[in-house]
Amino acid sequence: MSTKIDIISGFLGSGKTTLIKKLLSEMLSSEKVVIIENEFGEIGIDGGILKDSGIQIREINAGCICCTLLGNFDAALKDVLKKYHPDRVIIEPSGVGKLSDITAACQKVIAQSDSEINIQAVIVDPIKYKMYIKNFSEFYSNQIECAKTIILSRTQKIDQAKLSEVVNDIRKCNPSAKIMTTPWEELSAQTILAAAEETGSTPLIQQEEAFESVHHHGHCTEHGHGHCNCEGHHHADDVFENWGMETPHLFSEEQIKNMLKKLSESEKYGTVLRAKGILPVSEKNWVQFDFVPEEFELHPIAPDYTGRLCVIGVNLNRPALAELFGV
Ligand SMILES: Nc1nc2c(ncn2[C@@H]2O[C@H](COP(=O)(O)OP(=O)(O)OP(=O)(O)O)[C@@H](O)[C@H]2O)c(=O)[nH]1
């Protein structure tokens, strides 16, 4: 049987890992699944978070599989298909990866193997939609324009009128994709997967034509924002940067919350778009923290071989970050 390739893209902190964990725990335990995890940061966090699921994970970190790490991705996908003959490969690109490039990279490998793109999805946090489309449209709208399924996250946290506005905007950007708006907590993994799989696969040539058409008419960026992304052909590595460290340091939960509060409130650290990590808070207890602009969360997590954290953003002030995290 041909291997299904599921691409679950989405901007920084949109909810990709959360959704993949839900699919793995509720639905995919009976399948042979391999995950290819691409983190933009040098310090990988998500591989550790997903490892509890007992699934084979291939990590490709410190860059983007759609630009500097394209060769590594190509080799990893070929190797995974050959070595494991999985039922399914789930690809979680970095939050700043361009979905058009990732899909094209997959198509090249698919042409030489018994596999097919099954899901080509993007996760969009509707609360952050306006801010990100305005500031990072080249990367953000590419993911939306090229997806066949658009899965909105955290819809329970946004009011109906705002949600409808975002859905209307997204529709203009991608008229043919299926848009899921129901909060994930109310959906089974089976429903999510079935809806995303229903879209079927489109030959690459058609995808490229669709992308060119939307790109040149500038639907996403024209709408209300007055600038087209046509001039922009940047690599994520030229726009975004990361800072991270491994540390055995024990932090209290209060200290972690204070550090994240400072990241959120002060401009001295640069434009911080994402911070995440797993840190020990006592000899036996560890926490995972997740930061996106204006919000952060802490959850208990199993201990790992060392603590680690990473910050992704634009114009990061490294000395200030090192001072904040005490390294
Ligand atoms: N309950 C709930 N939490 C969500 C949802 N989407 C995202 N989150 C939370 O948002 C934070 C970031 O989610 P992740 O799944 O790590 O996001 P990601 O897209 O993998 O982020 P990157 O690591 O930047 O690629 C976590 O604290 C999640 O718990 C959602 O739809 N429902």
Side-chain angles (χ1 to χ4, degrees), residues 6-26 35-53 57 59-66 90-99 102 121-129 132 136 139-140 143-144 147 150-158 163 166 179-189 191-192 236 240-244 256-257 260 263-264 272-278 287-301 308-314:
D6 296 345
I7 309 171
I8 312 280
S9 72
F11 202 66
L12 299 162
S14 56
K16 301 179 289 294
T17 309
T18 309
L19 183 76
I20 292 171
K21 277 189 91 167
K22 181 177 170 80
L23 298 179
L24 291 174
S25 67
E26 288 180 30
I35 297 177
I36 297 184
E37 177 67 50
N38 171 217
E39 293 240 47
F40 184 69
E42 282 160 37
I43 305 289
I45 311 288
D46 291 350
I49 292 166
L50 287 163
K51 79 173 186 315
D52 293 348
S53 54
I57 298 166
E59 290 185 76
I60 308 175
N61 295 338
C64 215
I65 54 175
C66 67
I90 298 179
I91 298 168
E92 182 184 346
S94 91
V96 290
K98 289 187 180 171
L99 183 52
I102 293 152
V122 63
I123 301 183
V124 174
D125 177 347
I127 302 166
K128 303 275 187 285
Y129 173 84
Y132 287 154
F136 302 107
F139 301 88
Y140 200 72
Q143 295 179 357
I144 294 173
I150 297 169
I151 306 172
L152 300 188
S153 59
R154 303 188 232 216
T155 49
Q156 69 279 20
K157 291 192 176 168
I158 184 170
L163 181 60
V166 171
I179 304 179
M180 288 192 214
T181 55
T182 309
W184 302 352
E185 283 77 0
E186 292 169 30
L187 292 175
S188 68
T191 308
I192 296 174
F240 302 95
E241 51 185 304
N242 81 90
W243 175 89
I256 299 172
K257 283 180 190 164
L260 298 177
L263 268 192
S264 182
V272 177
L273 297 169
R274 183 82 168 104
K276 57 186 174 177
I278 51 172
V287 294
Q288 170 195 342
F289 72 82
D290 275 295
F291 170 100
V292 289
E294 293 160 20
E295 295 172 60
F296 61 81
E297 280 177 19
L298 266 61
H299 304 280
I301 191 163
R308 50 193 188 273
L309 59 93
C310 103
V311 177
I312 300 173
V314 178

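For ligands, and for the atoms within them, numbers begin at 1 and follow the listed sequence.
If you look at Lys16 next to ligand 1, the close heavy atoms, those under 4.0 Å, come from the backbone and the side chain alike. In Arg154, the parts holding a heavy atom less than 4.0 Å from any atom of ligand 1 are both the side chain and the backbone.
With hydrogens left out, the protein atom closest to atom 27 (O) of ligand 1 is Glu297 OE1, 2.9 Å, a heavy atom. Scanning all protein heavy atoms for the shortest distance to atom 20 (O) of ligand 1 gives Thr17 OG1, 2.7 Å. The single protein non-hydrogen atom nearest to atom 28 (C) of ligand 1 is Thr18 OG1, 3.4 Å, given as residue, atom name and distance.
There is a protein heavy atom closer than 4.0 angstrom to atom 16 (O) of ligand 1.
Proximity to Glu92 (heavy-atom distance under 4.0 Å) selects the following atoms of ligand 1: 20 (O), 25 (O). Those atoms of ligand 1 with a heavy atom of Asp290 less than 4.0 angstrom away are 16 (O), 26 (C), 27 (O). Close approach of ligand 1 to Glu185 is summarised as follows: ligand atoms under 4.0 Å from at least one heavy atom of the residue are 1 (N), 2 (C), 32 (N). Applying the 4.0 Å criterion to heavy atoms of Lys276 picks out, from ligand 1, the atoms 22 (P), 23 (O).
A heavy-atom distance below 4.5 Å is found between the side chains of Tyr132 and Pro293. Using a 4.5 Å cut-off on side-chain heavy atoms (C-beta onward), Leu163 and Leu152 make contact.
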Exercise. Yes or no on side-chain contact (heavy atoms from CB on, under 4.5 Å) for Glu37 and Ile60, after CA distance, side-chain angles and deciding distance?
Worked result: CA-CA 6 Å; Glu37 177 67 50; Ile60 308 175; over 6 Å; no
For this session: Evaluate the criterion side-chain contact (heavy atoms from CB on, under 4.5 Å) for residue pair Leu12 and Phe136; output intermediate values, then yes/no.
Result: CA-CA 11 Å; Leu12 299 162; Phe136 302 107; over 6 Å; no
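For the pair Lys276 and Phe289, the cation-pi test (distance below 6.0 Å, angle within 45°) is failed.
Using modelled atom types, one finds a donor on one side chain and an acceptor on the other under 3.5 Å when comparing Thr17 with Glu92.
Considering backbone and side-chain atoms together, Gly15 places an N or O closer than 3.5 Å to an N or O of ligand 1. Polar contact check, Gly13 against ligand 1: a nitrogen or oxygen pair lies under 3.5 Å apart. Backbone and side-chain nitrogen or oxygen atoms of Arg274 are examined, and one is located within less than 3.5 angstrom of a nitrogen or oxygen of ligand 1.
The minimum heavy-atom distance between Ala121 and Ala147, with the atom names listed, is C-CB, 4.2 Å.
Note on ring orientation: taking the six-membered ring where Trp is involved, the planes of Phe40 and Phe240 are perpendicular (angle over 60°, cut-offs 30° and 60°).
When Ile36, Leu99, Val122 are each tested for a side chain to side chain contact (heavy atoms under 4.5 Å, CB included) with Ile7, only one passes: Leu99.
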